Amino acid sequence: MNCYNCGCRLSEHDFCTGCGADVSLYKRILRISNMYYNEGLEKAGVRDLSGAVTSLRQSLKFNKENVEARNLLGLVYFEMGEVVAALSEWVISKNLRPQKNLADDYIDMIQSNASRLDTINQTIKKYNQALAYCRQDSKDLAVIQLKKVLSLNPRFIRAHQLLALLYIDSEQWEKADRELNKCCKIDANNTLTLRYKQEVEAMTTSDEPVKTGGKHKNKEAVRYQSDNEIIIQPLNVKEPKNTGLGTLFNVAIGLVLGIASMFFLILPAAVSAEREKAQEDVKAVNEQMDIKTATIVEMQREIDGLTADNARLHEELDGYVGPDGTLQIIDELLQGASEYLETGDVLATAAYLDRLTATINLSDTSDAFQLLYHTLLEKMGPELSNIYFTSGNAALQNGDFEAAIEDLLLSVRYDETNGDALFTLGNAYRLSDEYKAEAIATYEKVIELFPDTDKARRAQYHINQLNGN
């Protein structure tokens with residue numbers, strides 16, 4: 001036991017020999033925590049798991065760093081089927097004491113087995129689905145889900161209790177009692193289990209015990225019970241002597257009465273018993289059909305969900321590998337870059353880039369894609385701009401204004417600093433007599449980008465001409 005103030009090991013005194021702090025209350029708190037830990041250990045030993053959880057929680061309230069109590073609480077949760085709660089306690093314990101801690105072994109035992117982790121996840125999902133079915137009043141589906149949960153985790157007490165509650169709701173008392181007995185084997189003193197069990201026993205126990213008769217003697221007759229019939233035999237009564245003919249007559253009457261009783265009493269009872277048995281068989285078959293129908297509905301839902309996921313994945317795949325997919329676009333840009341590096345042919349490379357800009361929105365692409373695209377433009381831009389300026393200027397000299405405008409637009413696009421191409425584009429707009437507004441806008445851009453130059457002064461002159469000044 002170490003001092004809470006300086007960490008020095010404490011002695012039998014009520015003060016710390018290292019720093020002098022008063023540790024009497026501190027020692028008392030630790031002793032109470034250990035007392036509750038020992039109490040929880042004893043309860044866990046007799047399978048009173050609910051009581052053990054209560055005691056161990058009290059221990060941790062007094063000393064949250066009681067690693068032994070926290071590890072034992074995790075084990076109790078694990079035994080009750082609460083794997084997530086157990087892992088939470090063990091992770092906290094491992095953070096409190098990273099070295100020489102049994103929690104490491106417990107966590108590795110679960111995490112090292114991938115199938116066990118998957119089983120735990122499936123258990124939690126199916127139990128939550130069963131709760132959802134209960135809220136939707138789909139009790140048959142809830143029963144099916146809980147049976148699956150218990151097949152994966154037979155010690156999950158809450159699943160046993162919920163299944164027993166559903167059986168109680170449907171008045172299947174024997175099945176409910178079986179589930180509650182399983183709970184008692186896991187946790188002998190669970191309050192909720194005992195309350196459910198009390199309700200089941202109250203419904204299955206008869207109000208009055210069956211009374212069995214025996215022989216009773218009195219002065220006049222002897223009474224005794226045979227099966228469900230009470231037979232009274234008088235005393236001191238002598239039977240008359242019958243002749244042979246009377247005996248035969250009595251035998252005949254007995255046979256007639258026996259046959260009549262068989263037809264009127266025994267046969268209807270046998271028919272009724274067979275009818276009830278047939279009804280029970282039909283009921284059992286109907287229950288099995290309901291379970292299979294519910295299973296089919298659930299599987300159909302899963303199939304529909306998987307079909308929708310499959311369609312969505314196919315759409316995403318088409319977006320990557322289709323003719324207009326991401327991979328095809330990236331491949332187009334890489335081919336352009338390869339063409340430029342191998343041949344240096346800027347026109348062929350520009351054809352790749354033009355096809356890309358015509359099919360995609362560049363701002364929607366990745367940063368790496370945009371970086372490569374702009375790098376290629378920076379490398380080829382000035383040369384491409386001069387090529388298109390030369391062809392556009394030649395078309396303008398030949399009077400082909402449309403071709404001149406097309407080439408000059410490309411020249412300005414590939415190099416916005418090419419003032420000659422921008423000024424010549426304005427001239428092409430002006431001379432075509434169809435693009436007056438475009439010509440003025442182009443001349444204004446020349447003045448903006450190249451102020452105090454001869455091109456700017458000539459551009460202002462042409463603007464004044466176009467405006468009639």
Side-chain angles (χ1 to χ4, degrees), residues 44 47 49-50 52-53 73-91 106-107 109-197 199-200 284 287-306 309:
R47 302 206 68 82
L49 301 186
S50 299
V53 168
L73 180 59
L75 286 175
V76 172
Y77 278 140
F78 187 81
E79 184 67 14
M80 296 171 69
E82 303 286 348
V83 183
V84 176
L87 283 173
S88 300
E89 297 298 333
W90 291 334
V91 169
Y106 301 149
I107 295 173
M109 176 185 66
I110 295 176
Q111 292 183 345
S112 61
N113 193 337
S115 62
R116 177 175 291 181
L117 278 176
D118 183 64
T119 300
I120 293 170
N121 292 332
Q122 292 295 326
T123 301
I124 297 170
K125 290 179 181 178
K126 291 183 182 297
Y127 178 74
N128 291 334
Q129 185 63 49
L131 288 176
Y133 284 147
C134 290
R135 295 189 184 99
Q136 298 167 8
D137 203 22
S138 300
K139 297 175 184 176
D140 292 338
L141 294 177
V143 169
I144 294 171
Q145 285 289 359
L146 290 172
K147 288 182 178 178
K148 292 181 180 179
V149 169
L150 293 174
S151 67
L152 297 173
N153 187 359
R155 294 185 173 276
F156 197 2
I157 287 184
R158 283 194 294 167
H160 282 295
Q161 290 173 340
L162 182 56
L163 182 58
L165 187 60
L166 291 172
Y167 283 147
I168 291 172
D169 182 69
S170 60
E171 298 184 358
Q172 301 181 49
W173 310 111
E174 293 183 0
K175 292 183 179 179
D177 190 54
R178 276 201 303 269
E179 295 300 326
L180 295 174
N181 287 334
K182 293 177 183 177
C183 291
C184 290
K185 290 180 180 178
I186 300 171
D187 184 3
N189 200 24
N190 188 285
T191 305
L192 189 60
T193 301
L194 295 177
R195 188 170 65 184
Y196 289 167
K197 195 167 181 61
E199 293 294 331
V200 172
E287 290 179 355
Q288 293 179 359
M289 291 180 63
D290 291 340
I291 293 173
K292 290 182 179 179
T293 302
T295 304
I296 291 171
V297 170
E298 182 185 0
M299 293 180 67
Q300 185 62 44
R301 289 178 183 173
E302 293 180 359
I303 290 172
D304 293 340
L306 292 173
D309 292 342

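Source: prediction; values computed, not measured.
Side-chain contact check for L152 versus K148: every heavy-atom pair is 4.5 Å or farther apart. Here the side chains of L162 and L131 are in contact, with some heavy-atom distance below 4.5 Å. Looking at C184 and K197, their side chains come closer than 4.5 Å, going by heavy atoms from C-beta outward. A 4.5 Å side-chain heavy-atom check between V143 and Y167 finds at least one atom pair inside the cut-off.
Here the CD1 atom belonging to I124 is positioned 6.0 Å from the CG atom belonging to N121, to the nearest 0.5 angstrom. The line from CZ of R47 to CD of E79 is 4.5 Å long, rounded to the nearest 0.5 Å. From D140, atom CG reaches atom CD1 of I144 across 6.5 Å, with rounding to the nearest 0.5 Å. The CZ atom of R158 sits 11.5 Å away from atom CG of L146, with the distance rounded to the nearest 0.5 Å. Here C183 contributes atom SG and R155 contributes atom CZ; the two are 12.0 Å apart, rounded to the nearest 0.5 Å. If you take CG on L194 and CG on L180, they are separated by 9.0 Å, rounding to the nearest 0.5 Å.
With hydrogens and angles ignored, the 3.5 Å screen pairs a side-chain donor or acceptor of S170 with a backbone N or O of L166. Judged by distance alone, the side chain of N181 and the main-chain N or O of D177 form a donor-acceptor pair under 3.5 Å.
Pairing each heavy atom of A164 with each of E179, the nearest pair is CB-CB, 3.9 Å. Of all non-hydrogen atoms in A52 and A44, the two that sit nearest each other are CB-N, 3.9 Å. When all heavy atoms are compared, the tightest approach of F156 to L150 is O-CD2, 3.8 Å. Smallest separation of non-hydrogen atoms from L75 and Y106: CD1-OH, 3.5 Å. Closest of all the heavy-atom pairs between M80 and I186 is CA-CG2, 4.5 Å. Of all the heavy atoms in Q161 and Y196, the pair that sits closest is O-CE1, 3.8 Å.
Under the side-chain hydrogen bond (donor to acceptor under 3.5 Å, both in side chains) test applied with S50, the options T193, D187, N189 reduce to a single match, D187. Residue N153 forms a side-chain contact (heavy atoms from CB on, under 4.5 Å) with just one option from T119, I120, T123, and that option is T123.
Residues forming a ring-ring contact (aromatic ring centres under 6.0 Å, His included) with Y77 (at least two apart in sequence, or on another chain): none.
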*asked:* Working note: M299 + V297, criterion side chain to side chain contact (heavy atoms under 4.5 Å, CB included); need CA distance, chi angles, decisive distance, verdict.
replied: CA-CA 5 Å; M299 293 180 67; V297 170; over 6 Å; no

*Audit row: V53, L73, side chain to side chain contact (heavy atoms under 4.5 Å, CB included) steps and yes/no*: CA-CA 6 Å; V53 168; L73 180 59; 4.1 Å; yes

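With a 6.0 Å radius and a threshold of 12 heavy atoms from other residues, nucleotides or ligands, Q136 has its CD atom above the threshold.
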